[in-house]
Amino acid sequence: MQKFLVRAFTLIEMLVVIAIIATLAALLFPAVSGMAERGKATQDMNNLRQLGLGTQMYLNDNDGIYFKPDATSPAWPGLLNPKYIASWKTFQSPFDKNTASDNSTAARVSYGVNENLKDPAASGTTTSGLSADRITNASSFIVFAPVPERSNPLTFSGTAGTPVALTKPGASVGFFGTHGSRKRINACMADLHVENMDWATFSDSSSTPTAKQRWDPLAPAQ
């Protein structure tokens, strides 16, 4: 009878194979992670675009007057949903890991409205939104953007009933975007186009006329 010799892996050979697999996995992980982040950034931009389109329909029905950006009643998400934006998922950024709810008061809202969209002539309980035709530079003025907490890891705290207003970042805020190592963020402008911006550009409100118009809807053109 012919005998067959079976040669098993030695310990060294097995360790070499494991090391090769670990090296390949280490090389592959950043690429896969980067693709996942780019996918989230694209979905985030799509959400902002839908918010912009819903807002445009709202403006058409309300003489071009924006809703109040603060959290007082009625909160702006409830003005858009369900008449202009059917799903609450649109109000939740893919970077927001909190669970979305279909309940109108508990649903997560990751995005904020620029707090400067208030009519400066109104005050107190009579505060109302600004007229769209008063915005100096609609292609530069930010209307919507994600509002993450200034924390690591990234978290959000807004809800449909108490949304977080989008405030101008201060000079000492640091990097608190949603992606690109927290150095990039998406924003929807008043003319409805959406930009993927670096944090330095997003937070700049004084270096150029365009930068001033990014946060101040009534900043004069120079």
Side-chain angles (χ1 to χ4, degrees), residues 44-45 47-49 51-60 62-80 84 91 93 109-150 156-174 176-178 184-222:
D44 189 59
M45 295 182 76
N47 286 353
L48 286 165
R49 189 171 293 109
L51 288 177
L53 292 172
T55 298
Q56 183 58 59
M57 289 187 287
Y58 172 89
L59 292 174
N60 292 341
N62 290 275
D63 300 322
I65 305 297
Y66 278 96
F67 32 69
K68 293 183 292 185
D70 53 34
T72 57
S73 182
W76 66 266
L79 297 176
L80 294 181
Y84 304 104
F91 296 83
S93 170
V109 172
S110 314
Y111 305 101
V113 178
N114 193 324
E115 65 175 356
N116 293 319
L117 265 176
K118 296 179 180 178
D119 186 345
S123 61
T125 58
T126 61
T127 299
S128 61
L130 190 70
S131 174
D133 60 12
R134 296 184 62 188
I135 297 175
T136 305
N137 188 346
S139 64
S140 295
F141 180 70
I142 298 171
V143 174
F144 292 106
V147 188
E149 296 293 300
R150 298 173 184 176
F156 294 80
S157 61
T159 65
T162 55
V164 179
L166 179 64
T167 60
K168 179 180 67 176
S172 61
V173 167
F176 293 103
T178 55
R184 299 197 69 82
I185 193 168
N186 296 323
C188 178
M189 309 304 181
D191 69 348
L192 304 185
H193 86 276
V194 178
E195 289 187 25
N196 185 323
M197 309 170 71
D198 64 84
W199 186 258
T201 300
F202 178 81
S203 59
D204 183 8
S205 63
S206 61
S207 65
T208 65
T210 299
K212 294 176 182 178
Q213 294 160 2
R214 189 170 293 123
W215 291 99
D216 182 358
L218 306 180
Q222 298 179 4

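Judged purely by atom type and a 3.5 angstrom limit, Arg214 uses its side chain to pair as donor or acceptor with the backbone of Asp204. The backbone N or O of Pro146 sits nowhere less than 3.5 Å from a side-chain atom of Ser110 that would complete a donor-acceptor pair.
Note that CD of Gln213 and OG1 of Thr208 are 8.0 Å apart. Values are rounded to the nearest 0.5 Å. To the nearest 0.5 Å, atom CZ of residue Arg134 and atom CD1 of residue Ile65 are 9.0 Å apart. In this structure, the separation between CG on Asp63 and OG on Ser131 is 9.0 Å, given to the nearest 0.5 Å. Of the inter-residue distances, the one linking Lys212 atom NZ with Ser206 atom OG reads 7.5 Å to the nearest 0.5 angstrom. To the nearest 0.5 Å, atoms CG (Asp216) and CG (Asn137) are separated by 11.5 Å. A distance of 4.5 Å separates CG of Leu80 from OG1 of Thr55, quoted to the nearest 0.5 Å.
The side-chain hydrogen bond (donor to acceptor under 3.5 Å, both in side chains) with Arg184 is formed by just one residue from the set Asn196, Asp198, Thr201; it is Asn196.
Taking all atoms of both residues into account, the shortest heavy-atom contact from Ser140 to Thr210 is OG-CG2, 3.3 Å. Between Pro163 and Ala160, the shortest heavy-atom contact is CD-O, 3.7 Å. Across Ser139 and Glu195, no two heavy atoms sit closer than the pair O-OE2, 4.3 Å. In terms of heavy atoms, Gly177 sits closest to Ile185 at CA-CB, 4.2 Å. Nearest heavy-atom pair across Ala187 and Met197 is CB-SD, 3.8 Å. For the residue pair Ser157 and Val164, the shortest heavy atom distance occurs at OG-CG2, 3.7 Å.
Side-chain atoms of Pro169 and Trp199, non-hydrogen and from C-beta on, do get closer than 4.5 Å to each other. Residues Leu130 and Leu117 meet the side-chain proximity criterion, which asks for heavy atoms closer than 4.5 Å. The closest side-chain heavy-atom distance from Tyr111 to Asp44 is below 4.5 Å. Residues Thr136 and Phe141 fail the side-chain proximity criterion, which asks for heavy atoms closer than 4.5 Å. Between Leu59 and Tyr66, some side-chain heavy-atom pair lies under the 4.5 Å cut-off. Proximity of Met189 to Ile142: side-chain heavy atoms (C-beta onward) are separated by under 4.5 Å at one or more points.
Classification of the Phe202-Trp215 ring pair by plane angle, with boundaries at 30° and 60°, yields perpendicular.
In this structure, the ring of Trp76 has its center no less than 6.0 angstrom from the ring center of Tyr58.
In this view, Phe156 satisfies the ring pair (Phe, Tyr, Trp, His ring centres under 6.0 Å) rule with no residue, not counting sequence neighbours.
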